[in-house]
**Student:** 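Take a look at this one; I'll ask things after.
Side chains included, hydrogens not; waters and symmetry mates left out as well; all remaining heavy atoms used. Numbers for residues simply follow the sequence, beginning at 1.
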Amino acid sequence: MTDLSELAPAAWPARAAAAWPALPLLVALTLWGYALRHTDVSALDDFGLVSALHPAFWAGLAVLTGGFWFTVRDPRRPGAWSFAYVLGLLVMERATQALLYPTPLYAWAWKHDAVIDHLLTSGSLQGADQLGDMAVYDQWPGFFAAQAALVRLLGVDNAAMYMAWWPLVSSVLLLLPLLLIYRTFTEDRRLIWTAVWLFCVGNWVGQDYFSPQSVAFALHLGVIAVVLRRYGRSGGRRGRQGQAVWTVLLSVLVTAIVVSHQLTPGMLVVTLAALALTRRYRDWVPVVTTVVIFLAWCLTAALPFLSAAMPDMIRSIGDVGANVETGYGTTPTGTGAVATSWAARLLSGSVLLLALAGILRQRVLRHRAVPLLLVAAAPLPMFVASSYGSEMIFRVLMFTLPGAAFFAAAALLPKVRTLAADAVARETAGHSPKPTSARRRRVPLPALPPLPPLRYGAWVPLLVLLAGTLAFVPSYSGKDRVNYFPPREVALVDQLFGRAPDDSLVVAANRNYPLAYEQYWRVDHYWFLDDDRRHVDEIVRDPATVLARDMAAVEAPARAYFLLTQGQVANSEMNGQLDRDQLDRIRESVASSPAFELVAENDAGVLYVLKPAS
């Protein structure tokens, strides 16, 4: 007779315990899928996607956040589960819009598609004499040239076929450099993955859309990761000799940044300069390499644009108040716009406050992670340099976030470890010999204690994490009424460019409509809300007369068109320009004027053409 105590324990309970993180993840994704099937985006209000989403979406986010927190705080769980939860978060954050909306979001994404179409059509770069203000994109063509090649490689008609999925793709691209940066300072998986999670929920600024900035930011983090990991003074003589290879890689990455975007090279220079001032990274090769490549491009290909823009750039230096001011036409107006704007502000403010708490609370980080603190603080002086079209405050927040998220994550954990502190502890305890310059041995870290019981201190960080995760949705998708263009609006604008002769003029309230820059090399545009406020008031007083006068200079066979769509109305209302009554008055005035003829109309807008003078 066999003694039961001699039998091996059943394997399935252990396997079930090891695989339990899959359950919350699957439940969250199931709720997300159900919510997508029961969400209607045909009539968005001023809260954008927030009020349209089915409640199952919010439940799925809550389950996902809870599952992530209980998984990441358990030292016995492999990092693959945390990675799976972060991917699930990105899918719920960034793929929701791509699946719900039948057309790509954001007027600027459509603009970038037009630039790619221009490169495919012309086959070469052109200057201001052919393209006017749009020539700036030909002076920073890296992103657009790469996308033009991708369009041809995929065999699609244009980039609009895939650009709705770009936010998800560009966000996933950020994971590798983020992990490399964080692993430079710690092997504490709790700290690393909590920081990645906070970065994902704090990155609401929206620069992950189909744009040069999305790729340039990923390359920027890649350069920072290489410098932090390969240019420190702890690598020994052999590591220093191998830096020639890394310098070549840096040159390639920096060149890709410089030829694609105007602002990112400046952010990179100040960040690398800040790192070079520290004892550990006192190597000026990355800084000098970046500055040389940056100046070479500015003094050659980008010189026409910089020559024209330099006076305004010089005047903005030091004017911090004006550089952080959003200005006319960018002031949230209405309950929904104000609420979502405050949600975004509170989300960013909370991450920054958590970062400050992490610095004060975790003493080891103040000594061992100073370079990452400099990475977070380095973009702040850019407030003094320029307003960057009233967007500098948003760009600074985005470039500050990778470092801030790391320290914010430390504020949510009871105690964190750093690589340097672990090495010192091993040497003190005699667990490993002092590493030589020729070769460094990897010594296993001591095992962490078992998962502590859930007490007050464990629930508070979970609630903070959950609040930030939920706040991301209104911060990121609260303006979808402005950014979404239904198929009927796309069809109306497409009809315009299908019939407009060369050198025609399109007059609209603002540029917030799809295909706004379609065929910009042969059709001119005039957005009257961008004009002087006195002229806007003149249009409001007598719309048809003033618009007809402004459009009369177009000579045959070219035509002058007036376009008003629901995207323009939403943008004007929610950003403090003209309200709906004023825009309706303009539309009715044009409709009743004998100087205009109706060309096309649907429930998304109207298109009129100015009749030729008799």
**Student:** Going by atom types only, do Trp521 and Thr121 share a side-chain donor-acceptor pair under 3.5 Å?
**Tutor:**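 Result is no, nothing qualifies.
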
**Student:** Side chain of Tyr182, backbone of Glu187: donor and acceptor closer than 3.5 Å?
**Tutor:**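 Flag not set: sc Tyr182 to bb Glu187 has no pair under 3.5 Å.
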
**Student:** For residues Ala410 and Leu365, report the shortest heavy-atom separation together with the two atoms involved.
**Tutor:**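 Answer, listing the atom of Ala410 first, then Leu365: CB-CD1, 3.3 Å.
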
**Student:** Can you name the nearest heavy-atom pair linking Leu61 to Leu466, along with the distance?
**Tutor:**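 For Leu61 versus Leu466, the nearest heavy atoms are O-CD1, 4.5 Å.
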
**Student:** If only atom types and distance count, is the side chain of Thr103 paired as donor or acceptor with the main-chain N or O of Phe485 below 3.5 Å?
**Tutor:**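 Such a contact is found between Thr103 side chain and Phe485 backbone.
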
**Student:** When you measure from the side chain of Thr400 to the backbone of Val396, do you find a donor-acceptor pair of N or O atoms at a distance under 3.5 Å?
**Tutor:**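 Yes: the side chain of Thr400 pairs with the backbone of Val396.
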
**Student:** Passes ring pair (Phe, Tyr, Trp, His ring centres under 6.0 Å), Phe143 versus His261? Steps please.
**Tutor:** CA-CA 8 Å; Phe143 172 81; His261 199 246; 9.8 Å; no

**Student:** Quick one: do Phe399 and Phe217 satisfy ring pair (Phe, Tyr, Trp, His ring centres under 6.0 Å)? Show the steps, please.
**Tutor:** CA-CA 8 Å; Phe399 281 90; Phe217 185 51; 5.1 Å; yes

**Student:** Would you check if the side chain of Ser51 reaches a backbone N or O of Phe47 as a donor-acceptor pair within less than 3.5 Å?
**Tutor:**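 It does not hold such a pair.
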
**Student:** Return the CG to CG distance between Leu374 and Leu272, rounded to the nearest 0.5 Å.
**Tutor:**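 Answer for the CG-CG pair, Leu374 versus Leu272, is 11.5 Å.
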
**Student:** When rounded to the nearest 0.5 angstrom, what distance separates CG in Asp480 from CG in Leu44?
**Tutor:**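 Between Asp480 CG and Leu44 CG, I get 6.5 Å after rounding to 0.5 Å.
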
**Student:** Might you work through the side-chain contact (heavy atoms from CB on, under 4.5 Å) test for Tyr476 and Val205, ending with a clear yes or no?
**Tutor:** CA-CA 7 Å; Tyr476 186 76; Val205 174; over 6 Å; no

**Student:** May I ask you to check whether Thr39 and Tyr34 show a side-chain donor-acceptor distance below 3.5 Å?
**Tutor:**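 Note: Thr39 and Tyr34 side chains miss the donor-acceptor criterion.
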
**Student:** Would you sort out whether Thr96 and Trp32 count as a side-chain hydrogen bond (donor to acceptor under 3.5 Å, both in side chains), showing the intermediate values?
**Tutor:** CA-CA 9 Å; Thr96 297; Trp32 173 67; 2.9 Å; yes

**Student:** When you compare the side chain of Leu412 with that of Leu198, does any pair of heavy atoms fall below 4.5 Å?
**Tutor:**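 With C-beta onward as the side chain, the pair touches.
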
**Student:** Given His220 and Thr271, is the side-chain contact (heavy atoms from CB on, under 4.5 Å) satisfied, shown in steps?
**Tutor:** CA-CA 10 Å; His220 168 88; Thr271 303; 4.1 Å; yes

**Student:** Rounded to the nearest 0.5 Å, what separates atom CG in Leu219 from atom CG in Leu174?
**Tutor:**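 It is 10.0 Å, given to the nearest 0.5 Å.
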
**Student:** Less than 3.5 Å apart, any donor N or O on the side chain of Gln207 or Ser214 sitting next to an acceptor on the other?
**Tutor:**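 No - no donor-acceptor pair under 3.5 Å links their side chains.
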
**Student:** Is there a side-chain contact between Thr565 and Gln568 (heavy atoms, below 4.5 Å)?
**Tutor:**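 Yes - at least one pair of side-chain heavy atoms lies under 4.5 Å apart.
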
**Student:** Counting C-beta onward and ignoring hydrogens, is there a side-chain heavy-atom pair between Leu268 and Ile224 closer than 4.5 Å?
**Tutor:**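 Yes. Closest side-chain heavy atoms under 4.5 Å.
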
**Student:** Decide side-chain contact (heavy atoms from CB on, under 4.5 Å) for Leu25 and Tyr85; before the verdict, give the C-alpha distance in whole Å, the side-chain angles of both, and the deciding distance to 0.1 Å.
**Tutor:** CA-CA 7 Å; Leu25 181 60; Tyr85 272 95; 4.0 Å; yes

**Student:** Got a donor-acceptor contact below 3.5 angstrom from the Asn571 side chain to the Gly567 backbone?
**Tutor:**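 No, the answer is negative, given that no donor and acceptor are paired below the 3.5 Å cut-off.
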
**Student:** When the aromatic ring centroids of Tyr209 and His112 are compared, is their separation below 6.0 Å?
**Tutor:**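 Yes, ring centres under 6.0 Å apart.
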
**Student:** Is the shortest side-chain N to carboxylate O distance from Arg481 to Asp45 below 4.0 Å?
**Tutor:**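 Looking at Arg481 and Asp45, the cut-off is not met.
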
**Student:** State, to 0.1 Å, how close Ser475 and Leu347 come at their nearest heavy-atom pair, and which atoms those are.
**Tutor:**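 The answer is OG-CD2, 3.9 Å.
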
**Student:** Taking Arg229 for its side chain and Leu180 for its backbone only, find out whether a donor-acceptor pair lies under 3.5 Å.
**Tutor:**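 At least one qualifying donor-acceptor pair exists.
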
**Student:** Test Tyr484 against every option in Tyr513, Tyr101, Trp110 by the ring pair (Phe, Tyr, Trp, His ring centres under 6.0 Å) rule and name the one that passes.
**Tutor:**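 Testing Tyr484 for a ring pair (Phe, Tyr, Trp, His ring centres under 6.0 Å) against Tyr513, Tyr101, Trp110 leaves exactly one candidate, Tyr101.
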
**Student:** Side chains of Lys111 and Tyr106: do they bring a donor and an acceptor to under 3.5 Å?
**Tutor:**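 The criterion, which ignores hydrogens and geometry beyond distance, is not satisfied for Tyr106 and Lys111.
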
**Student:** Just say parallel, tilted or perpendicular for the rings of Tyr520 and His118, cut-offs at 30° and 60°.
**Tutor:**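 Ring orientation, 0 to 90° scale: tilted.
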
**Student:** Check the pair Ile116, Asn158 against side-chain contact (heavy atoms from CB on, under 4.5 Å), reporting the backbone distance first and the verdict last.
**Tutor:** CA-CA 8 Å; Ile116 296 167; Asn158 49 50; over 6 Å; no

**Student:** Looking at side-chain heavy atoms only, is the closest gap between Phe185 and Leu191 below 4.5 Å?
**Tutor:**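 No; the side chains remain at least 4.5 Å from each other.
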
**Student:** Return the orientation label for the Trp166 and Phe210 ring planes: parallel under 30°, perpendicular over 60°, tilted otherwise.
**Tutor:**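 Correct class here is perpendicular.
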
**Student:** Just by distance, no angles: are the side chains of Ser42 and Asp40 close enough, under 3.5 Å, to form a donor-acceptor pair?
**Tutor:**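 There is such a pair (donor and acceptor under 3.5 Å, judged by atom type) between the side chains of Ser42 and Asp40.
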
**Student:** At what distance, to the nearest 0.5 angstrom, does CD of Gln139 lie from CE of Met134?
**Tutor:**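 Between Gln139 CD and Met134 CE, I get 12.0 Å after rounding to 0.5 Å.
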
**Student:** About how many Å separate CG of Leu105 and CD of Gln97, when rounded to the nearest 0.5 Å?
**Tutor:**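 Reported value, rounded in 0.5 Å steps: 5.0 Å.
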
**Student:** Using side-chain heavy atoms (C-beta onward) and a distance below 4.5 Å, is Glu93 in contact with Trp204?
**Tutor:**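 The answer is no; the side chains never approach within 4.5 Å.
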
**Student:** Is there a side-chain contact between Trp140 and Ser260, using heavy atoms and a 4.5 Å cut-off?
**Tutor:**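 A side-chain contact under 4.5 Å is absent here.
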
**Student:** So which atom in Leu99 and which in Leu36 form the shortest heavy-atom distance, rounded to 0.1 Å?
**Tutor:**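 Closest pair (atom of Leu99, atom of Leu36, distance): CD1-CD1, 3.5 Å.
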
**Student:** What heavy-atom pair brings Pro104 and Ala160 nearest, and what distance separates the two atoms?
**Tutor:**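 For Pro104 and Ala160, the tightest heavy-atom pair comes out as CG-O, 3.8 Å.
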
**Student:** Do the ring planes of His525 and Phe497 sit parallel (below 30°), tilted (30 to 60°) or perpendicular (above 60°)?
**Tutor:**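 His525 and Phe497: tilted rings.
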
**Student:** Under 6.0 Å between ring centres, would you say that holds for Phe68 and Trp197?
**Tutor:**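 Yes.
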
**Student:** I would like to know whether Thr247 and Tyr231 meet side-chain hydrogen bond (donor to acceptor under 3.5 Å, both in side chains); could you show each step before the answer?
**Tutor:** CA-CA 10 Å; Thr247 301; Tyr231 282 82; 2.6 Å; yes

**Student:** Short question: side chain of Trp193, backbone of Val86 - any donor-acceptor pair under 3.5 Å?
**Tutor:**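 Looks like no, no N/O pair under 3.5 Å.
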
**Student:** If we only count heavy atoms from C-beta on, is the Leu175 to Leu87 side-chain gap below 4.5 Å?
**Tutor:**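 Leu175 vs Leu87: side chains touch.
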
**Student:** Within this structure, what is the OG1-CE distance for the pair Thr65 and Met92, rounded to the nearest 0.5 Å?
**Tutor:**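 If I round to the nearest 0.5 Å, the distance is 8.0 Å.
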
**Student:** With distance as the sole criterion, is a donor-acceptor pair present between the side chains of Asp208 and Ser170 under 3.5 Å?
**Tutor:**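 On atom types as modelled, these side chains do not qualify, holding no pair under 3.5 Å.
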
**Student:** Do Val27 and Leu64 come within less than 4.5 Å of each other through their side chains, counting heavy atoms only?
**Tutor:**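 With C-beta onward as the side chain, the pair stays apart.
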
**Student:** On a heavy-atom basis, which atom in Pro177 and which in Ala218 lie closest, and how many Å separate them?
**Tutor:**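 Shortest heavy-atom contact: CG-O, 4.1 Å.
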
**Student:** Verify, without hydrogens or angle tests, whether Asn512 (side chain) and Val482 (backbone) share a donor-acceptor contact under 3.5 angstrom.
**Tutor:**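 It does hold such a pair.
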
